[in-house]
Structures are given as structure tokens and as C-alpha cells.
Amino acid sequence: VHLVAISDAQRADNPDVAYLGTVHNGIDLTSYPMRTDKDGSLVYIGRANPDKGPVEAIEVARRAGRPLQMILKRSEPPEAEYFAREIEPHLGSDVTLYENVDHATKVDLLGRASAMIFPIRWPEPFGLVMAEAMACGTPVVTTDWGAAPELVADGVTGFRRETTDDLVAAVGRVEELDPVACRGRVEDRFSGPAMVRGYEALFSRLVG
């Protein structure tokens, strides 16, 4: 059995596993239209879970003076409990909550936003929503946890910061970043063809 990791971060978290290699996840770019015209908002996509940083996302957006479009999953009992206890008290007129959205709504919100805020605090093995945002021409403001350094090129397709103060400051700079560069990074590294190239290289090693 030849196991393939979806990120180097995943490999690092499982040092006893003899991975054949790393191939990043790929997305179908035809399903993610790029937009260069932004509306100044931030978007968050994630579960109602402390590791995903939804409360921090609200704080960062509010301190940065940006409206937040929040696509939140809270269908599991622990998620619903966390939402009621930790997230709901922080909601306000500057936060629009979405649940169970279809793909068209999701990519519309991703494309219109000036940035995705993704303040994770756990070793995320990949984080597909970061690739989805960049495919829509939207930079990502995140932390250095998990695979984020593999996805987000700091200062090019987003910013990676650790403290809340630094995340707020980074949001203030997202208009400096080029949506075309965000899209290009996904085309090069996280698209369907890029994933195919990665697996073809591994297959060639095996048969060689």
C-alpha cells in the first residue's frame, strides 16, 4: 500500500507513516469564477468549532471595520452548543450568517469578498476553502497552522499572522494583493490538472 499525503503538514503530523509522497488536493476551476471587483467585506467558511476560529473571525472583522459574511456549519450537537454559547452572543448587524448554502451562493460570496478570514488554531491537513477562495481571486488572511503555509503565499495571495492584532492589520492591507495572482497560484498548485500531474509523477516513480 502506497499512501499519499494531501500536504506536507499532514506528513509531519504522522511521522510513523511511510508516505510515498505529497499531492495537494485539486479543485475544478471551471466551478470557481474569478472576480476582481470586491465589495470590502470579509468571508468566513467553517464549522462552529473553536479550532476553526469563528469567534476570532468576528473579532478581526469588527476591529477592521469590515462586514463579515459567515457561512457556518452547526448541524452537529457540539457545534450547535458551541454556537449558542460562544458565537451567537457576538453576532450583530455587521455579521450576516448563512447555513446550508448551495455552490452558487458560496462562490458568489467568495468572489465578492475582499478577503477570506480563516483564523484556524489546529493543524489543518489542507483547508480546501482557502484554495476555493483564491480560485475566486480572493486573498486569504490566516494563521501559520497546519497546511496554511503551503496554500497561502504570504504577501502575494494573502497574509499569515498569529496574533489577533496582526490579523486585523493584515486585513487592512488586502487591497494591495492581486486577484490574478491568487487565481494563478491555484491554477499552478491546487487545480485538477495540478493534482493529476502530482499523481502521474508518483505513478512514474512506482513503475520506474
Side-chain angles (χ1 to χ4, degrees), residues 31-75 79-80 82-121 124 127-143 145 148 151-152 154-183 186:
S31 297
Y32 295 88
M34 188 187 78
R35 286 184 59 167
T36 58
D37 56 316
K38 304 297 184 179
D39 65 7
S41 69
L42 300 181
V43 64
Y44 168 91
I45 301 178
R47 301 192 310 272
N49 179 296
D51 292 341
K52 293 287 190 176
V55 174
E56 290 79 3
I58 295 171
E59 180 183 358
V60 169
R62 189 162 286 153
R63 287 179 53 186
R66 305 260 187 163
L68 178 64
Q69 313 297 322
M70 182 172 252
I71 302 175
L72 195 69
K73 176 182 174 292
R74 53 168 174 163
S75 56
E79 295 167 348
Y82 181 77
F83 174 82
R85 187 182 70 249
E86 300 292 343
I87 300 175
E88 193 168 25
H90 296 283
L91 298 179
S93 60
D94 54 346
V95 179
T96 304
L97 190 65
Y98 298 84
E99 295 182 85
N100 304 316
V101 301
D102 59 20
H103 182 76
T105 301
K106 181 175 74 170
V107 296
D108 178 62
L109 292 171
L110 284 173
R112 287 193 287 108
S114 291
M116 165 179 274
I117 179 68
F118 197 61
I120 53 172
R121 296 294 176 186
E124 182 92 47
L128 195 64
V129 293
M130 291 188 278
E132 291 178 317
M134 292 187 296
C136 295
T138 301
V140 178
V141 178
T142 185
T143 66
W145 283 73
L151 276 89
V152 179
D154 187 65
V156 179
T157 67
F159 296 105
R160 304 193 314 270
R161 301 290 186 268
E162 285 303 303
T163 69
T164 301
D165 287 347
D166 287 344
L167 288 168
V168 172
V171 167
R173 296 181 55 198
V174 294
E175 276 78 17
E176 301 173 13
L177 306 179
D178 185 0
V180 176
C182 295
R183 176 79 171 196
V186 179

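Count residues from 1 along the sequence. Model, not experiment: these values are computed from the prediction.
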(request) Mind checking the CD1-CZ spacing from Ile58 to Arg63? Nearest 0.5 Å is all I need. (result) 14.5 Å

(message) Between Glu175 and Arg66 (salt bridge meaning N to carboxylate O under 4.0 Å), is one present in this structure?
(response) yes

(request) Find out whether Lys73 and Glu79 are in side-chain contact, i.e. whether some heavy atom of one side chain is under 4.5 Å from a heavy atom of the other. (result) yes

(message) For the CE atom of Met70 and the NE2 atom of His90, what is their distance to the nearest 0.5 Å?
(response) 10.5 Å

(request) Classify the ring geometry between Phe118 and Tyr44 as parallel (under 30°), tilted (30 to 60°) or perpendicular (over 60°). (result) tilted

(message) Quick one, Ile120 with Asp51, criterion side-chain contact (heavy atoms from CB on, under 4.5 Å). Give me CA distance, side-chain angles, the key distance, then yes/no.
(response) CA-CA 6 Å; Ile120 53 172; Asp51 292 341; over 6 Å; no

(request) Please assess Arg62 against Leu68 for the test side-chain contact (heavy atoms from CB on, under 4.5 Å), listing each intermediate value before the final yes or no. (result) CA-CA 8 Å; Arg62 189 162 286 153; Leu68 178 64; over 6 Å; no

(request) Taking the side chain as every heavy atom from C-beta outward, state whether Leu110 and Ile45 have any pair of such atoms under 4.5 Å apart. (result) yes

(message) Taking the side chain as everything from C-beta on, heavy atoms only, tell me whether Asp166 gets closer than 4.5 Å to Phe159.
(response) no

(message) Distance check, rounded to the nearest 0.5 Å: Thr138 atom OG1 versus Met34 atom CE?
(response) 9.5 Å

(request) Take atom CG of Asp102 as the centre, draw a 6.0 Å sphere, and report whether it contains more than 12 heavy atoms from other residues, nucleotides or ligands. (result) yes

(request) Consider only side-chain N and O atoms of Thr163 and Asp165, and report whether a donor and an acceptor are under 3.5 Å apart. (result) no

(message) Ignoring hydrogens, what is the shortest heavy-atom contact between Gly137 and Pro139? Give both atom names and the distance.
(response) O-CD, 3.8 Å

(request) Provide the closest heavy-atom pair for Ala57 versus Pro119 in the form atom of the first, atom of the second, distance. (result) N-CG, 3.8 Å

(request) Taking the side chain as every heavy atom from C-beta outward, state whether Met116 and Met134 have any pair of such atoms under 4.5 Å apart. (result) no

(message) Is the shortest side-chain heavy-atom distance between Pro54 and Leu72 below 4.5 Å?
(response) yes

(request) State, with a plain yes or no, whether a side-chain heavy atom of Tyr82 is found less than 4.5 Å away from one of Val55. (result) yes

(request) Please examine the side chains of Arg74 and Ile87, heavy atoms only from C-beta on, and report whether any two atoms are closer than 4.5 Å. (result) no

(request) Taking atom types as modelled, find out whether Thr105 and Asp108 have a side-chain donor-acceptor pair closer than 3.5 angstrom. (result) no

(message) Testing Thr143, Thr157, Val141 one by one against Val152 for a side chain to side chain contact (heavy atoms under 4.5 Å, CB included), which residue passes?
(response) Thr157

(request) For the residue pair Leu151 and Val140, establish whether any side-chain heavy-atom pair is separated by less than 4.5 Å. (result) no

(message) Whether Glu56 and Arg121 form a salt bridge (side-chain N of Lys/Arg under 4.0 Å from carboxylate O of Asp/Glu) is what I want to check.
(response) no

(request) Any chance you could measure Met130, atom CE, to Thr142, atom OG1, to the nearest 0.5 Å? (result) 5.0 Å

(request) Show the numbers, then the answer: is there a side-chain contact (heavy atoms from CB on, under 4.5 Å) between Ile71 and Leu109? (result) CA-CA 9 Å; Ile71 302 175; Leu109 292 171; 3.7 Å; yes

(message) Check whether Ser114 reaches the backbone of Gly40 with its side chain - one donor and one acceptor, N or O, closer than 3.5 Å.
(response) yes

(message) Show, in sequence, the C-alpha distance, side-chain angles and deciding distance for Tyr98 and Val43, and conclude whether the side-chain contact (heavy atoms from CB on, under 4.5 Å) test is met.
(response) CA-CA 11 Å; Tyr98 298 84; Val43 64; over 6 Å; no

(message) Tell me the closest heavy-atom pair linking Leu42 and Ala113, and the distance in Å.
(response) C-CB, 4.3 Å

(message) Could you check whether Arg160 pairs with Asp154 (Lys NZ or Arg NE/NH1/NH2 to Asp/Glu carboxylate O, under 4.0 Å)?
(response) no

(message) Looking at every heavy atom in both Ser41 and Asp39, which two are closest together, and how far apart are they?
(response) OG-OD1, 2.7 Å

